[in-house]
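Read through the structure below, which is laid out as structure tokens, and then see the notes.
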Amino acid sequence: MNYDEYKRKTCRYCETPLGTAFLDLGAQPLANNLPGIENARKPEFRCPLALVKCPECHLVQLTHSVPANLMFDEYLYVSSTTQTFRTHFAEYARDVRERIGQKPGALAVDIGSNDGLLVSSYEKEGLRGVGVEPAKNLAADANARGVTTLNRYFGEEAVAEIIARYGKADAISANNVFAHIDDIRSVLQNVRELLADDGFFVIEFAYLVTMLEKMYFDMVYHEHVCYIGVTALDLFTTRFGMEIFDIKPVDTHGGSLRVFIQKKGGPRARAGVVGRYLADEKQKGCCEDRVYGEFAERVLGFRSELNGMLDGIKKEGKSVCGYGAPAKATTIVNFCGLTPREIEFIVDDNPLKQGRLVPGAGIPIVPSARLQDVPPDYVLIFAWNFAPEIMKKIGFLRDRGVRFIVPLPRPVLV
């Protein structure tokens, strides 16, 4: 298949011509487009999944761009599934409200609001909350529960509608969404238009340095077009008359950053932590090619190690299932060439995913009750960022001799 129409020729942040990929994970299916069992034999859309670093601003990004409508018009990931995220978003909303202060009627807009969890958390904090969500199913569900949500992509029309109905925003959030958008320059322009002069833009994303150091390559999939470091983000926001004024590390996705941005010359002083992150990235070589070549070698080593472990287990006549079918599972499964022979099934607590298959692999996704009915010998925890929560939930399996495998940063038996 010719993938040239999807190939990215210039950097998404600074438009510098891009060079050769440093990591190639192969042509992979769309991570969250889980086919139904009835479509098991239908061919699936695939696109190269590879990373390249911009030689100018050092943004790490995908070499190819999949049209957004193929990934986001219908969406099966739901924020509210885990207690971890429900707690996280409650704290997130509290942080935003405290930074706004006691301004009456303050407006908080969430881009890519999913099922409305963060918007509802804003409202619990006394803010007016509005979500913008392109997935029809998620927006409809949010609105049905009384969470104000516009079913559209965040563009000029959405901005005009919000301003007309609610006014300028005191805070705009893009939680694990900013890294998903191919035409991110237009988004930042639209954020500037919607944002009040004394307001701020807050984004949260899985941190590039954490990905490199802890080997979390499974966060690479087609939805995540950018893998953000503070260096690239600082240069990017400056280009659009904006500035980073604070950074807060958070635990989600194995290690993320919450970054606060305002219009240049805004009311908030730049915290010293921003300079510390910039210096740390330089010291760690994040602007040099060497670091990325070493990362790619370790990823190849992971594949050999995991496949070797699973092969040994199967030779002993033992069974393996997976726990959690997040997007990152699709990356690991397809990169390692796993099939129902190696992973008999994957359990997931999200009913929208049950009865479907892991893209590209045909591994069935089933309810967690299956573990009680047919306990395996080993459980591979694909949702490794929730491993403590998961192992506590299915701790009863230990009494039945079941072992757990946590795959990253390297496969270990727990």
Side-chain angles (χ1 to χ4, degrees), residues 3 6-13 16-31 46-66 179-180 205-233 253-257 280-311 326-338 359-361 382 384-385 406-412:
Y3 297 110
Y6 305 114
K7 188 170 179 61
R8 201 53 220 202
K9 294 181 173 59
T10 59
C11 173
R12 292 168 174 86
Y13 276 12
T16 298
L18 295 172
T20 304
F22 65 82
L23 175 65
D24 187 350
L25 299 175
Q28 293 222 14
L30 302 181
R46 289 177 179 262
C47 190
L49 188 62
L51 292 179
V52 62
K53 183 178 78 70
C54 174
E56 183 65 28
C57 76
H58 312 296
L59 175 68
V60 174
Q61 56 202 286
L62 294 186
T63 56
H64 292 69
S65 299
V66 173
H180 289 54
F205 51 86
Y207 186 31
L208 170 69
V209 173
T210 305
M211 181 182 85
L212 296 174
E213 292 181 343
K214 297 190 176 181
M215 248 281 292
Y216 294 159
F217 79 92
D218 60 339
M219 66 174 61
V220 180
Y221 46 92
H222 295 106
E223 291 173 21
H224 286 174
V225 295
C226 297
Y227 301 80
I228 306 172
V230 177
T231 301
L233 186 62
H253 301 289
S256 299
L257 295 184
D280 184 60
E281 289 182 5
K282 184 176 181 180
Q283 187 271 327
K284 289 178 175 176
C286 293
C287 299
E288 302 168 11
D289 293 340
R290 172 187 55 82
V291 168
Y292 302 96
E294 292 172 353
F295 175 72
E297 289 179 7
R298 290 161 61 207
V299 172
L300 294 175
F302 165 87
R303 178 166 61 183
S304 297
E305 194 168 357
L306 180 63
N307 283 349
M309 177 184 286
L310 294 176
D311 186 55
K328 54 172 63 80
T330 301
T331 297
I332 292 179
V333 163
N334 283 274
F335 179 60
C336 294
L338 304 180
F382 287 109
W384 49 259
N385 47 316
V406 179
L408 291 171
R410 57 172 298 190
V412 294

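Remember, predicted model here, so these are calculated numbers, not experimental data.
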Are the side chain of [X] and the backbone of [Y] linked by a donor-acceptor contact shorter than 3.5 Å?
{"X": "T331", "Y": "V220", "result": "yes"}
{"X": "Q28", "Y": "N334", "result": "no"}
{"X": "H224", "Y": "M219", "result": "yes"}
{"X": "H222", "Y": "S65", "result": "no"}
{"X": "Y216", "Y": "E213", "result": "no"}
{"X": "N307", "Y": "C336", "result": "yes"}

Any chance you could measure [X], atom [atom1], to [Y], atom [atom2], to the nearest 0.5 Å?
{"X": "C57", "Y": "Y13", "atom1": "SG", "atom2": "OH", "result": "8.0 Å"}
{"X": "H58", "Y": "C286", "atom1": "NE2", "atom2": "SG", "result": "10.0 Å"}
{"X": "C226", "Y": "L208", "atom1": "SG", "atom2": "CG", "result": "11.0 Å"}
{"X": "H64", "Y": "Y3", "atom1": "NE2", "atom2": "OH", "result": "8.5 Å"}
{"X": "K282", "Y": "E288", "atom1": "NZ", "atom2": "CD", "result": "10.0 Å"}
{"X": "D218", "Y": "N385", "atom1": "CG", "atom2": "CG", "result": "8.5 Å"}

If every non-hydrogen atom of [X] is compared with every non-hydrogen atom of [Y], which pair is closest and at what distance?
{"X": "P326", "Y": "F382", "value": "CG-O, 4.2 Å"}
{"X": "P359", "Y": "A31", "value": "CG-O, 3.7 Å"}
{"X": "F295", "Y": "F22", "value": "CD2-CE1, 4.2 Å"}
{"X": "L338", "Y": "A361", "value": "O-CB, 3.5 Å"}
{"X": "L257", "Y": "V230", "value": "CD1-CG2, 3.7 Å"}
{"X": "L408", "Y": "W384", "value": "CD1-NE1, 3.7 Å"}

Find out whether [X] and [Y] are in side-chain contact, i.e. whether some heavy atom of one side chain is under 4.5 Å from a heavy atom of the other.
{"X": "L62", "Y": "R12", "value": "yes"}
{"X": "P55", "Y": "T16", "value": "yes"}
{"X": "Y292", "Y": "L51", "value": "no"}
{"X": "Q61", "Y": "L18", "value": "yes"}
{"X": "K53", "Y": "L59", "value": "no"}

With sequence neighbours left out, the residues meeting side-chain contact (heavy atoms from CB on, under 4.5 Å) with V291 are L212
Only counting residues at least two apart or in another chain, list the ones meeting side-chain contact (heavy atoms from CB on, under 4.5 Å) with P411.
F302, E305, L306, M309
Salt bridge E294-R290, side-chain N to carboxylate O under 4.0 Å
yes
Test side chain to side chain contact (heavy atoms under 4.5 Å, CB included) on E281 and T231 and set out the steps.
CA-CA 7 Å; E281 289 182 5; T231 301; 2.6 Å; yes
What do you reckon, is CZ of R410 surrounded by more than 12 foreign heavy atoms closer than 6.0 Å?
no
Begin with the C-alpha distance, continue with both residues' side-chain angles, and end with the deciding distance and a verdict on side chain to side chain contact (heavy atoms under 4.5 Å, CB included) for L233 and F205.
CA-CA 11 Å; L233 186 62; F205 51 86; 4.0 Å; yes
Determine whether the aromatic ring centres of residues F217 and F335 are separated by less than 6.0 angstrom.
yes
Stepwise, does the side chain to side chain contact (heavy atoms under 4.5 Å, CB included) test hold for V299 with L23?
CA-CA 9 Å; V299 172; L23 175 65; 4.1 Å; yes
Side chain to side chain contact (heavy atoms under 4.5 Å, CB included) evaluation trace for S256 with Y207
CA-CA 5 Å; S256 299; Y207 186 31; 5.7 Å; no
